[in-house]
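Read through the structure below, which is laid out as structure tokens, and then see the notes.
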2 protein chains.
Amino acid sequence: MSTPQQMRPPRPTMRDVAALARVGIKTVSRVLNSEPNVSRETAARVHLAAAQLNYEINSVAGNLRRSGQATKTVGLVVGHVANPFSGQVHAGVEDVLYPHGYSVLAASLDDDPEREQRLVREFLRRRVDGLILTTISHEQTYLLPELSRGLPIVFVDREPGGIAADAVVGDNVGGARGATAHLIAHGHRRIACLADRETLTTATHRVAGYRAALEEAGIEYDPSLVTMNLASADATCAAVAALLGSANPPTAVFTAQNLITIGGIRALRAAGLQHKVALMSFDDLVLADALDPGISCVTQDPRSMGALAGEKLLARLAGDDSAPSTTISPTTLIARGSGEIAAPR
Amino acid sequence: MSTPQQMRPPRPTMRDVAALARVGIKTVSRVLNSEPNVSRETAARVHLAAAQLNYEINSVAGNLRRSGQATKTVGLVVGHVANPFSGQVHAGVEDVLYPHGYSVLAASLDDDPEREQRLVREFLRRRVDGLILTTISHEQTYLLPELSRGLPIVFVDREPGGIAADAVVGDNVGGARGATAHLIAHGHRRIACLADRETLTTATHRVAGYRAALEEAGIEYDPSLVTMNLASADATCAAVAALLGSANPPTAVFTAQNLITIGGIRALRAAGLQHKVALMSFDDLVLADALDPGISCVTQDPRSMGALAGEKLLARLAGDDSAPSTTISPTTLIARGSGEIAAPR
DNA sequence: TTGAAAGCGGTACCAC
DNA sequence: GTGGTACCGCTTTCAA
């Protein structure tokens with residue numbers, strides 16, 4: 001079998017259209033790009049020829065010569081395309097960039113730090129005009145050459161390490177503090193905190209918010225109530241089960257991420273304690289209101305975070321060269337029942 | 001303010017690397033593409049120069065001249081990137097295509113039929129090597145020229161209309177029949193069916209499966225129990241509430257899509273009937289097992305559907321020119337409680 | 001082993 | 001209004 005491409009009829013080029021319309025190639029270019037100074041009849045002939053050949057302009061070739069080799073493409077790296085949070089970020093980015101003619105090359109880390117650099121490298125080879133990144137590795141100094149070259153890079157959800165760059169993140173400290181304070185307001189003093197990997201600023205900031213709330217209430221910090229590096233719902237379920245079975249169990253639980261919340265819910269239900277032990281989640285879940293009790297949470301707006309990141313990128317693309325800034329997207333507390341269970345006395 | 005691009009230091013080209021390494025440009029190309037017939041010392045000089053300049057090869061320019069102008073890019077259109085189902089499909093596609101060097105341009109329809117053609121057109125302009133599409137418009141004859149040109153196109157989740165092309169879909173008829181038969185086996189004879197827009201084959205096939213199960217059991221079809229064109233959870237909630245309040249209400253409900261299921265759950269709970277009226281869902285939901293009762297469902301595997309679509313595309317890309325085929329991905333029935341509520345007698 | 005020249009499919013610039 | 005020609009950054013071809 002020979003090369004498959006050779007068996008296919010070749011795609012028409014501008015030259016083919018020009019020949020059929022009996023005009024110069026430059027005139028075809030003018031017509032198809034809606035440039036001025038073409039007579040109506042000539043334009044009509046060109047459009048007819050293009051339609052007959054089913055010609056579609058080749059923007060890849062065009063962009064090669066065009067202004068500064070812009071490709072009108074941006075690269076988006078998210079934690080995992082299958083995670084609803086990532087999907088919302090993607091949607092927000094799309095909302096903002098598509099109307100401006102940008103396409104989005106999307107890829108996911110799959111929770112694999114190795115992939116981060118590989119994906120970015122692939123995007124650079126494709127000469128994307130900008131990058132929107134959710135990172136997983138600890139630092140991003142490998143991006144320094146690109147940054148100094150002026151490539152717009154915006155981080156979303158997680159702040160970059162080792163470099164100064166734009167970022168859009170949720171109010172991790174404030175949200176966690178609010179959630180914890182909410183539990184304290186309902187009389188709890190022994191509050192467990194379950195969080196993600198400590199290489200992620202999202203996780204460390206949420207734990208920091210938790211501690212801040214304790215401190216403000218004058219409650220002593222008990223490290224045995226805090227478990228970090230939880231990477232799955234199952235691991236969380238086991239961790240919570242262990243806490244509940246301990247000598248001095250918590251009366252409330254703060255789960256600092258959506259998968260972790262699922263594990264926490266499972267553990268409480270397995271122990272039959274879902275109406276006894278309070279639960280506050282960081283991030284919302286579908287059907288969280290249909291559970292009994294409903295799951296109280298502080299929630300971010302990932303779609304708006306994606307949109308904010310897209311807007312920041314557009315601004316940079318348009319020449320904004322102000323100092324890098326971090327935008328903090330607010331969180332909202334939603335009370336549904338699980339967070340309002342009072343502490344026993 | 002002048003054009004921002006002009007203020008940025010220009011990105012180095014192969015010529016810059018060649019000059020610094022004092023070799024010809026073709027030698028740089030050979031080294032960076034790991035082609036044979038280059039001396040070790042020359043290769044070392046080139047690598048050093050490339051590293052000094054932070055040079056990254058421009059695959060866009062390269063692909064312009066390279067074999068058949070392949071761009072190593074595929075376009076993916078999904079229903080909505082923010083929908084977990086779409087995210088899973090995306091993940092499956094990525095799993096298969098990335099190891100083969102393809103990048104994925106992803107875009108979502110946002111439930112807007114208008115967007116479908118615009119997005120496809122944009123992908124064609126970018127000369128993607130293939131297309132994986134979840135469609136929303138009723139027919140896709142506009143793709144005929146591309147199909148006859150040999151562009152690989154694989155439909156996923158929903159079958160194409162008016163054209164013969166590869167497709168990967170769930171077992172909509174079989175899954176719906178199984179779900180309905182499950183309810184019948186628990187004594188139900190008045191089973192409501194709530195489904196999506198009738199322009200979608202997924203919706204019509206699921207209703208067909210529902211009817212097939214009734215027929216097999218010798219139950220007469222009652223059109224008043226079937227509501228189609230439900231586009232949201234809220235609309236479904238209202239529709240179910242109306243059915244429950246009618247003179248001869250259903251004893252069981254089959255919700256034929258995940259958003260519709262959410263509406264159904266809300267309606268049953270609002271009426272306090274979640275333990276009286278049985279519910280079977282098409283597609284699973286996060287936390288469906290944590291509800292009381294747990295939500296029984298037939299579930300597809302969207303990630304595997306995405307992967308199957310990716311594999312079909314790879315085969316076409318490799319020259320497979322067999323007749324278009326439709327792959328049916330099986331469904332699994334998961335019993336959790338809501339589907340096993342017996343009919344009153 | 002190496003490199004000069006042509007060309008991929010368009011756009012920029014400048015004559016006509 | 002129209003079109004020729006150089007050229008974007010790379011690969012291909014072919015000669016040295």
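Just so it is clear: chains get the letters A, B, ... in the order the sequence lines come, proteins before strands, and each one is counted from 1.
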Less than 3.5 Å apart, any donor N or O on the side chain of B/Glu94 or A/Ser108 sitting next to an acceptor on the other? yes

With a cut-off of less than 4.0 Å, is there a side-chain N or O of B/Thr42 near OP1 or OP2 of C/dT2? yes

Which of D/dT12, D/dC10, C/dG10 is nearest the side chain of B/Tyr55? It is D/dC10

Just call it for B/Asn58: base, sugar-phosphate, or nothing, with non-hydrogen atoms closer than 4.0 Å on any strand. sugar-phosphate

For the side chain of B/Arg65, starting at C-beta, report the closest nucleotide among C/dG10, C/dA6, C/dG3. C/dA6

Protein-nucleotide distance (A/Arg126, atom CZ; D/dG9, atom P), rounded to Å: 19 Å

Base, sugar-phosphate, or nothing for B/Ser59, non-hydrogen atoms under 4.0 angstrom? nothing

Measuring only between side-chain heavy atoms, which start at C-beta, is A/Asp111 closer than 4.5 Å to A/Ile136? yes

As a quick check of understanding, evaluate side-chain contact (heavy atoms from CB on, under 4.5 Å) for B/Asp129 and B/Leu317, giving each step before the final call. CA-CA 8 Å; B/Asp129 297 339; B/Leu317 254 4; 4.2 Å; yes

Does B/Arg11 make a side-chain donor-acceptor contact with the base of D/dG9, cut-off 3.5 Å? no

For A/Thr27 and for B/Gly62, locate the closest nucleotide of DNA chain D by heavy-atom distance; then report the residue assigned to the nucleotide nearer the 5' terminus. A/Thr27

Quick check for you: among C/dC8, C/dA12, D/dT12, whose closest atom lies nearest to any side-chain atom of A/Arg66? C/dA12

Of the options C/dG10, D/dG3, D/dT11, whose atoms approach the side-chain atoms of B/Ile25 most closely? D/dT11

Length of the line joining B/Glu41:CD and C/dT1:C1', which is rounded to integer Å: 11 Å

Just by distance, with hydrogens left out, do B/Arg127 and B/Thr73 show a side-chain donor and acceptor under 3.5 Å apart? no

Which nucleotide, D/dT11, D/dT2, D/dC8, lies nearest any side-chain atom of A/Leu64? D/dC8

Distance below 4.0 Å between A/Asn63 side-chain N/O and C/dT11 OP1 or OP2: no

To the nearest Å, how far apart are B/Arg22 CZ and C/dT1 C1'? 17 Å

Counting any heavy atom closer than 4.0 Å, what does B/Val23 reach on the DNA or RNA strands: base, sugar-phosphate only, or nothing? sugar-phosphate

Lys NZ or Arg CZ of B/Arg115 over A/Tyr98 ring: under 6.0 Å, within 45°: yes

Under a 4.5 Å cut-off applied to non-hydrogen side-chain atoms, are B/Asp320 and B/Lys312 in contact? yes

Mind checking whether B/Leu143 and B/Val120 have side chains closer than 4.5 Å, heavy atoms only? yes

At a heavy-atom distance below 4.0 Å, what parts of residues 43-53 of chain A sit against DNA chain D? none

Quick check for you: among C/dT2, D/dT11, D/dT2, whose closest atom lies nearest to any side-chain atom of B/Ser29? D/dT11

Any idea which of D/dG1, D/dC10, C/dG3 is nearest the A/Asn37 side chain? D/dG1

Look at the side chain of B/Arg30 and the base of C/dG3, then say whether one donor and one acceptor between them are separated by less than 3.5 Å. yes

Does B/Phe85 have B/Arg303 sitting over its ring (NZ/CZ under 6.0 Å from centre, angle to axis within 45°)? no

Nearest to the side chain of B/Lys26 - D/dT2, C/dT1, C/dA4? C/dA4

